[in-house]
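Let me begin by presenting the structure, written as structure tokens, before commenting on it.
Each chain gets a letter, A, B and so on, in the order the sequences are listed, and its residues count up from 1. Quick caveat: nothing in here was measured; it's all calculated off a predicted structure.
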Amino acid sequence: MPELPEVETTRRGLAPHVEGRRVSGVVLRRPDLRWPIPYEVVSLLPGQRVEAVRRRAKYLLLDTAAGSALLHLGMSGSLRVLPADTPVRAHDHVDIALDPIGRQGARVLRFNDPRRFGCLLWQPPGQTHELLADLGPEPLSDRFDGDYLFTLSRGRSAPVKTFLMDQRVVVGVGNIYAAEALFASGISPLRAAGKVSRERYRRLADEIRRILGHAIERGGTTLRDFLAPDGAPGYFEQELSAYGRGGEPCPRCGRPLKQAAIGQRTTVWCGHCQK
DNA sequence: AGAGTACCCTGCCAGC
DNA sequence: TGCTGGCAGGGTACTC
């Protein structure tokens with residue numbers, strides 16, 4: 001469920017409550033999510049102070065001197081900071097208990113994930129987990145621009161939407177924001193990635209940065225159950241132009257928006273405005 | 001190497 | 001009201 005803006009919103013909500021706190025314990029209510037939860041999470045994390053909450057792509061990292069807990073929210077995961085005695089609900093799979101700090105009482109960082117497509121893994125100090133090793137640039141960084149997309153895409157026959165959603169190309173652009181950025185740039189999602197011009201990739205890169213940045217400002221997109229760690233919903237959904245609007249009038253020309261599966265993922269676009 | 005497919009799991013919604 | 005089928009924002013692993 002969460003794309004980059006949702007994960008970044010989660011990180012920003014978490015950081016003030018988690019950074020500087022000492023982990024007092026870890027409770028696993030099941031041994032695995034997408035993958036088994038490694039022993040280090042239980043054996044090394046307790047007693048450590050969380051130095052920082054970082055994000056890389058859609059992964060969150062809780063840095064400590066002993067290593068980093070590596071979390072992914074998958075499609076249905078969420079993290080909440082709660083009072084330590086908050087009752088457990090369905091799909092609350094993992095608790096990272098946090099000591100009191102200052103005048104604030106004990107807290108628990110609780111990982112809920114109904115579909116269990118998320119993960120909780122371990123990254124030793126100074127190492128990069130193999131899941132992070134081949135990721136593309138952050139879309140809001142200087143390494144990402146239209147020239148980069150143009151160069152990388154030469155010779156690629158896959159649809160440009162599939163290309164954009166490949167995390168080795170650029171991270172954090174999922175189904176929603178790929179559809180929105182292509183709509184805003186006037187590029188058909190079906191066009192072969194290798195057949196998009198440099199000029200249009202510049203426009204596309206600009207739109208990706210603009211839309212992602214704006215969505216972060218708005219607290220992410222609320223779809224079904226996404227909530228920030230403080231329980232506030234995102235407000236971006238009402239601003240979506242294409243995603244979820246198949247059959248409705250195009251916001252630009254009024255013709256019905258098309259909907260079809262591209263690379264197994266539902267895509268919405270305007271056959272008139274996007275070429 | 002790149003492209004395409006299958007699969008992981010539960011919840012929710014529309015339609016009957 | 002209850003059942004069924006289809007769909008959902010993630011990513012990996014496998015084949016060709």
Side-chain angles (χ1 to χ4, degrees), chain A residues 1-10 29-37 55-60 70-79 89-93 111-121 129-136 139 151-182 189-195 208 211-212 215-216 218-228 233-247 259-268:
Chain A
M1 87 168 0
E3 297 193 34
L4 189 145
E6 289 73 27
V7 179
E8 178 61 20
T9 298
T10 296
R29 295 194 185 80
R30 56 173 306 130
D32 62 332
L33 295 169
R34 180 187 183 90
W35 295 294
I37 296 170
R55 179 187 61 75
R56 172 70 175 111
K58 297 172 189 169
Y59 293 90
L60 289 169
L70 179 64
L71 299 113
H72 197 292
L73 300 176
M75 278 171 83
S76 60
S78 64
L79 286 166
R89 295 187 296 188
H91 311 302
D92 283 341
H93 303 307
F111 190 176
N112 181 287
D113 186 7
R115 288 176 72 179
R116 303 207 303 275
F117 283 9
C119 63
L120 171 52
L121 299 169
H129 196 283
E130 63 176 22
L131 288 174
L132 306 184
D134 297 323
L135 294 175
T151 302
L152 191 61
S153 63
R154 291 310 90 184
R156 300 279 195 113
S157 61
V160 61
K161 175 165 181 278
T162 304
F163 176 71
L164 275 186
M165 289 177 63
D166 184 339
Q167 302 299 295
R168 292 167 298 188
V169 173
V170 57
V171 302
V173 181
N175 206 26
I176 296 178
Y177 297 102
E180 292 301 303
L182 288 166
L190 294 165
R191 178 171 293 278
K195 300 288 187 184
I208 289 170
I211 291 168
L212 289 178
I216 291 170
R218 302 291 278 146
T221 304
T222 294
L223 286 172
R224 302 218 165 82
D225 57 357
F226 175 75
L227 295 174
Y235 294 97
F236 193 71
E237 182 178 17
Q238 55 212 20
E239 302 178 32
L240 297 177
S241 298
Y243 179 82
R245 297 187 186 277
Q259 177 168 320
I262 301 176
Q264 340 282 82
R265 307 301 293 274
T266 297
T267 301
V268 177

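The distance between atom CG of A:L121 and atom P of C:dT12, rounded to the nearest whole Å, is 11 Å. Distance, A:H129 NE2 to C:dG11 P: 15 Å, rounded to whole Å. Atom NE2 of A:H72 and atom P of C:dT12 are 8 Å apart (whole Å). Atom CE in A:M165 sits about 8 Å away from atom P in C:dG9, given to the nearest Å. The distance between atom CD of A:Q259 and atom C1' of C:dA8, rounded to the nearest whole Å, is 12 Å. Here C:dG10 presents its P atom at 15 Å from CH2 of A:W35, a figure rounded to the nearest Å. Residue A:L164 contributes atom CG, which lies 16 Å from atom P of C:dG9 at whole-angstrom precision. Going from atom CG of A:L73 over to atom C1' of C:dA8 covers 16 Å, rounded to whole Å.
No side-chain donor from either of A:N112 and A:S78 sits under 3.5 Å from a side-chain acceptor of the other.
Comparing the P positions of B:dA6 and C:dG6 gives a spacing of 15 Å, expressed to the nearest Å.
In terms of phosphate contacts, A:S76 brings no side-chain nitrogen or oxygen within less than 4.0 Å of OP1 or OP2 of C:dA8. Between B:dG11 and A:H91, a contact under 4.0 Å exists linking OP1 or OP2 to a side-chain N or O. Contact check, A:Y243 against C:dG9: a side-chain N or O comes under 4.0 Å of OP1 or OP2.
A:R30 and A:D32 are joined by a salt bridge, as a carboxylate oxygen and a charged side-chain nitrogen come within less than 4.0 angstrom of each other.
With distances taken from any side-chain atom of A:P114 to the nucleotides B:dA3, C:dG9, B:dG11, the minimum falls on B:dG11. Out of B:dC9, C:dG10, C:dG9, the shortest distance to the side chain of A:I176 is found at C:dG9.
A distance-only check finds a donor-acceptor pair linking the side chain of A:N175 to the backbone of A:T266 [under 3.5 Å]. At distances below 3.5 Å, at least one donor-acceptor pair connects side-chain atoms of A:R55 with backbone N or O atoms of A:A57. The backbone N or O of A:A192 sits nowhere less than 3.5 Å from a side-chain atom of A:R156 that would complete a donor-acceptor pair.
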Please enumerate all protein N or O atoms sitting under 3.5 Å from an N or O of nucleotides 6-8 of chain B, with distances to 0.1 Å.
{"from": "B:dC8", "atom 1": "O2", "to": "A:R34", "atom 2": "NH1", "distance (Å)": "3.4"}

Please write out the pairs of protein N or O atoms and N or O atoms of nucleotides 14-16 of chain C separated by less than 3.5 Å, giving the distance to one decimal.
none

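Scanning DNA chain B for stems, defined as runs of 3 or more consecutive Watson-Crick or G-U wobble pairs whose donor-acceptor distances all fall under 3.5 Å, gives the following ranges: B:2-8 with C:10-16, B:10-16 with C:2-8.
A:L164 and A:V170 make their closest contact through O-CG1, 3.6 Å (heavy atoms, listed as atom of the first residue, atom of the second, distance). A:R154 and A:G194 get closest at one heavy-atom pair: NH1-O, 2.8 Å. The shortest heavy-atom contact between A:L4 and A:V171 is CD1-O, 4.2 Å. Here the closest heavy-atom approach between residue A:Q167 and residue A:V173 is recorded as NE2-O, 3.8 Å. Nearest heavy atom pair, residue A:G77 against residue A:F111, reads CA-CE2, 4.2 Å.
A distance of 8.0 Å separates CG in A:L120 from CG in A:L70, rounded to the nearest 0.5 Å.
Residue-level contact check: A:R265 touches the bases, meaning some heavy atom is under 4.0 Å from a base atom. Residue contacts for A:T266: at a heavy-atom cut-off of 4.0 Å it reaches the sugar-phosphate backbone alone, with no base atom in range.
The distance between the ring centers of A:H72 and A:Y59 falls below 6.0 angstrom.
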